[in-house]
Amino acid sequence: ERASSTAVRNALGAGDLARAAALLGRPYAIAGRVAHGDKLGRNLGFPTANIVLKHRPPLSGIFAVQVHGLGSVARAGVASLGVRPTVKHNGRPLLEVFLFDFDQPISGRRVTVLLLHKLRDEARYLDLDALAAEIRTDVPLATLVESLLVLVGACVRTGKTAGMGLEDMSSTALRLFLTGARPAAE
């Protein structure tokens with residue numbers, strides 16, 4: 001398929017991040033400065049890095065992500081990209097990222113957020129407790145995606161893909177997920 005901006009937008013609009021990444025030659029990314037928010041995520045137990053978007057992106061939802069620009073190592077997390085229908089009526093598009101194992105002030109820092117895998121669509125919940133409960137299910141799913149991607153990347157980089165099928169990699173990632181361990185990202 002010919003790589004064009006229309007093909008990329010169509011892939012993103014369909015939530016097909018793998019196709020968009022193949023067309024772009026890299027994962028789809030959004031860059032921007034971390035802005036102060038209203039601290040709602042922190043109050044729910046999930047402090048977020050907020051990136052205000054100038055334009056409505058071609059996709060929305062909840063994603064497993066990797067964040068660059070906060071040191072020499074990429075940081076894994078889970079992100080909400082959209083208009084936050086539970087907390088705002090007719091809200092502006094916002095990218096909110098909860099970073100795993102990270103609690104440092106980063107307001108004003110420029111970051112690049114790679115969207116690796118779509119976990120689900122954005123949804124409106126009855127109240128903030130229901131939203132927090134859903135986030136508690138998103139975090140382990142994003143952790144599992146991160147583990148799989150790190151393992152697959154490590155296998156490809158070291159040439160150890162021979163004899164290790166996707167099922168082997170998946171079961172190893174599932175074991176890491178169930179034990180609460182995460183492989184170190186490069």
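Residue indices begin at 1 and follow the sequence shown.
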Closest approach of Ser80 and Glu122, non-hydrogen atoms and distance? OG-OE2, 4.3 Å

From Tyr28 OH over to Leu114 CG, what is the distance, rounded to the nearest 0.5 angstrom? 11.0 Å

A quick test of your reading: do over 12 heavy atoms of other residues, nucleotides or ligands sit less than 6.0 Å from CZ of Arg120? yes

Atom CZ of Arg75 and atom CD of Glu146: how far apart are they, to the nearest 0.5 Å? 11.0 Å

Taking every heavy atom of Pro27 against every heavy atom of Ala21, the minimum-distance pair comes out as CA-CB, 4.0 Å

Val83 vs Arg56 side-chain heavy atoms within contact, under 4.5 Å: yes

NE2 (His55) and CZ (Arg92) are apart, to the nearest 0.5 Å, by 10.5 Å

So which residues get pulled into Val52's cluster when ILVMFWY side chains under 4.5 Å apart are joined, directly or through others? Leu94

Distance, nearest 0.5 Å, that separates CG of Leu23 from OG1 of Thr6: 11.0 Å

Please report the shortest heavy-atom distance between Ala142 and Gly77, naming the atom on each side. CB-O, 4.0 Å

Give the C-alpha distance, both sets of side-chain angles, the deciding distance and a yes or no for side-chain contact (heavy atoms from CB on, under 4.5 Å) between Val139 and Phe98. CA-CA 9 Å; Val139 169; Phe98 170 65; 4.0 Å; yes

Main-chain N/O of Leu116 paired with Gln66 side-chain donor or acceptor, under 3.5 Å: no

Distance check, rounded to the nearest 0.5 Å: Leu12 atom CG versus Leu24 atom CG? 7.0 Å

Within the 4.5 Å heavy-atom criterion, are Leu81 and Val113 side-chain neighbours or not? no

Heavy-atom pair with the smallest gap, counting every atom of Ile51 and Gly32: CG2-CA, 3.9 Å

Quick one, Leu70 and Leu99 - any side-chain contact, counting heavy atoms below 4.5 Å? yes

Partners of Ser5 by side chain to side chain contact (heavy atoms under 4.5 Å, CB included), sequence neighbours excluded? Arg9

So which heavy atom on Ala20 is nearest to which on Ala11, and how close? N-CB, 3.8 Å

Value for CD1 (Ile62) from NZ (Lys118), rounded to nearest 0.5 Å, stands at 9.0 Å

Minimal non-hydrogen separation, Ala130 against Asp127, with atom names: N-OD1, 2.8 Å

Kindly determine whether Leu115 and Leu59 satisfy side-chain contact (heavy atoms from CB on, under 4.5 Å), including the steps that lead there. CA-CA 11 Å; Leu115 281 67; Leu59 72 168; 4.1 Å; yes

